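Structure, as structure tokens:
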Amino acid sequence: MNKAFFLDRDGTINVDTGYVGKPDDIKLMPGAAEAIKKMNDAGYLVIVISNQSGVARGYFTEEQVQEVNQRLNDMLAEHDAHIDAFYYCPHLENGSVPEYSIKCLCRKPLPGMFRNAVKDFDLDPSACFACGDNPRDVEGAMAIGVPNNHLRIVYGNNGELSLDNAFDWDKI
């Protein structure tokens with residue numbers, strides 16, 4: 001079985017400017033690239049688990065979400081870091097785009113995206129970690145068996161607790 005870090009995207013890896021839908025809007029959070037490189041070097045898969053309700057709201061398309069994700073990985077590559085997979089939920093129960101305006105099982109805090117990643121990558125949840133800038137970002141990880149002491153909340157754009165200083169890297 002494999003091990004992974006589950007990371008939220010906006011506010012954890014990149015600055016959350018509100019409904020990030022353009023690749024040019026991506027700016028890395030301080031220390032994010034360094035932390036992801038440490039995860040890569042330690043043999044962990046890095047998997048982004050992200051709500052992207054901007055799709056259901058009609059702010060941007062799924063293709064634009066994928067372009068933003070690609071740009072993020074390109075920026076990380078400049079630091080010899082990478083994300084192995086991106087899972088995102090484009091749904092919002094009361095969205096304005098009918099095909100995405102549904103109640104689903106993948107929208108965080110529900111565990112659907114985490115369960116899919118566990119299945120797709122043969123992950124051992126007890127060996128995984130999860131980090132986000134909001135408690136809902138890690139609730140789904142906890143529901144699939146990621147230990148409580150492997151969950152972290154960073155403080156988003158104010159940088160009080162960044163992804164790089166959220167973990168004791170000598171013990172991982």
Side-chain angles (χ1 to χ4, degrees), residues 1-16 18-20 26-55 65-66 68-70 72-73 75-76 79 81-92 104-172:
M1 296 191 90
N2 296 306
K3 56 189 180 180
F5 271 84
F6 296 111
L7 304 177
D8 178 51
R9 193 186 79 179
D10 303 330
T12 304
I13 301 171
N14 59 277
V15 174
D16 187 353
Y19 302 104
V20 180
I26 288 289
K27 180 181 176 195
L28 290 175
M29 292 287 289
E34 294 79 6
I36 292 170
K37 180 166 177 24
K38 289 175 185 174
M39 295 169 196
N40 297 148
D41 290 349
Y44 286 81
L45 295 169
V46 178
I47 300 173
V48 169
I49 305 284
S50 180
N51 286 340
Q52 293 297 320
S53 69
V55 174
V65 171
Q66 294 164 10
V68 167
N69 290 343
Q70 183 58 55
L72 182 58
N73 234 354
M75 293 173 75
L76 291 169
H79 300 271
H82 68 275
I83 293 166
D84 294 287
F86 291 88
Y87 290 78
Y88 65 91
C89 174
H91 308 116
L92 183 65
C104 65
L105 298 176
C106 59
R107 184 166 178 77
K108 291 184 293 183
L110 296 174
M113 289 186 282
F114 294 95
R115 284 192 176 122
N116 289 340
V118 166
K119 180 182 171 199
D120 293 346
F121 289 95
D122 189 30
L123 298 174
D124 174 2
S126 69
C128 293
F129 290 82
C131 187
D133 64 327
N134 187 299
R136 75 172 173 258
D137 294 326
V138 300
E139 288 176 26
M142 190 169 44
I144 64 158
V146 173
N148 286 344
N149 64 340
H150 288 194
L151 307 174
R152 299 290 188 280
I153 305 299
V154 295
Y155 302 111
N157 296 343
N158 67 17
E160 289 178 27
L161 180 63
S162 73
L163 186 55
D164 194 36
N165 62 21
F167 298 96
D168 183 352
W169 296 106
D170 293 332
K171 293 183 179 178
I172 292 177

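The figures here come from the full heavy-atom set of this structure, side chains too, leaving out hydrogens, waters and symmetry mates. The structure presented is a predicted model; accordingly, all values stated were derived computationally and were not measured.
The backbone N or O of C131 sits nowhere less than 3.5 Å from a side-chain atom of R152 that would complete a donor-acceptor pair. Without hydrogens or angle criteria, N2 side chain to F121 main chain gives a donor-acceptor distance under 3.5 Å. A donor-acceptor contact shorter than 3.5 Å is absent between the side chain of W169 and the backbone of M39. Checking side-chain atoms of N51 against main-chain N and O of P90 turns up no donor-acceptor pair under 3.5 Å.
In terms of heavy atoms, L123 sits closest to A117 at CD1-O, 3.7 Å. Nearest heavy-atom pair across C104 and C89 is SG-SG, 3.6 Å. Closest heavy-atom contact between D84 and L45: OD2-CA, 3.3 Å. Minimum heavy-atom separation, A127 to Y44: O-CE2, 3.4 Å. Looking at every heavy atom in both residues, H91 comes nearest to R107 through O-NH1, 3.3 Å. Scanning both residues, I13 and A32, for their nearest heavy atoms gives O-CB, 3.4 Å.
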| request: Let me see the working for I47 and M113 under side-chain contact (heavy atoms from CB on, under 4.5 Å), right down to the final yes or no. | output: CA-CA 10 Å; I47 300 173; M113 289 186 282; over 6 Å; no

| said: Run the side-chain contact (heavy atoms from CB on, under 4.5 Å) test on I26 and M75 for me, step by step, so that the C-alpha distance in whole Å, both residues' side-chain angles and the decisive distance to 0.1 Å come before the verdict. | reply: CA-CA 9 Å; I26 288 289; M75 293 173 75; 3.3 Å; yes

| field | Chi angles and distances behind the side-chain contact (heavy atoms from CB on, under 4.5 Å) call for K27, N14 | value | CA-CA 5 Å; K27 180 181 176 195; N14 59 277; over 6 Å; no

| field | Stepwise side-chain contact (heavy atoms from CB on, under 4.5 Å) check, S53 with Y19 | value | CA-CA 8 Å; S53 69; Y19 302 104; 3.7 Å; yes

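Environment of CG in L105: sparse, with no more than 12 heavy atoms of neighbouring residues, nucleotides or ligands closer than 6.0 Å.
Each of L163, I83, I49 was checked for a side-chain contact (heavy atoms from CB on, under 4.5 Å) with L7, and the lone residue meeting it is L163. When each of N73, V46, L72 is tested with I36 by the rule side-chain contact (heavy atoms from CB on, under 4.5 Å), just one qualifies, namely V46.
No close placement of the F6 and F129 rings is indicated, their centers lying 6.0 Å or farther apart.
Ion pairing between a basic and an acidic side chain is recognised when a charged N comes within 4.0 Å of a carboxylate O; R9 and D16 show no such pairing. Salt bridge present: K108 and D8 bring a charged side-chain N and a carboxylate O closer than 4.0 Å.
Residues K171 and D168 meet the side-chain proximity criterion, which asks for heavy atoms closer than 4.5 Å. The shortest distance between side-chain heavy atoms of V68 and Q52 does not fall below 4.5 Å.
If you take CG on N134 and CG on D10, they are separated by 12.0 Å, rounding to the nearest 0.5 Å.
In summary, the side chains of H150 and N148 do not present any donor paired with an acceptor at a separation below 3.5 Å, with no hydrogens or angles considered.
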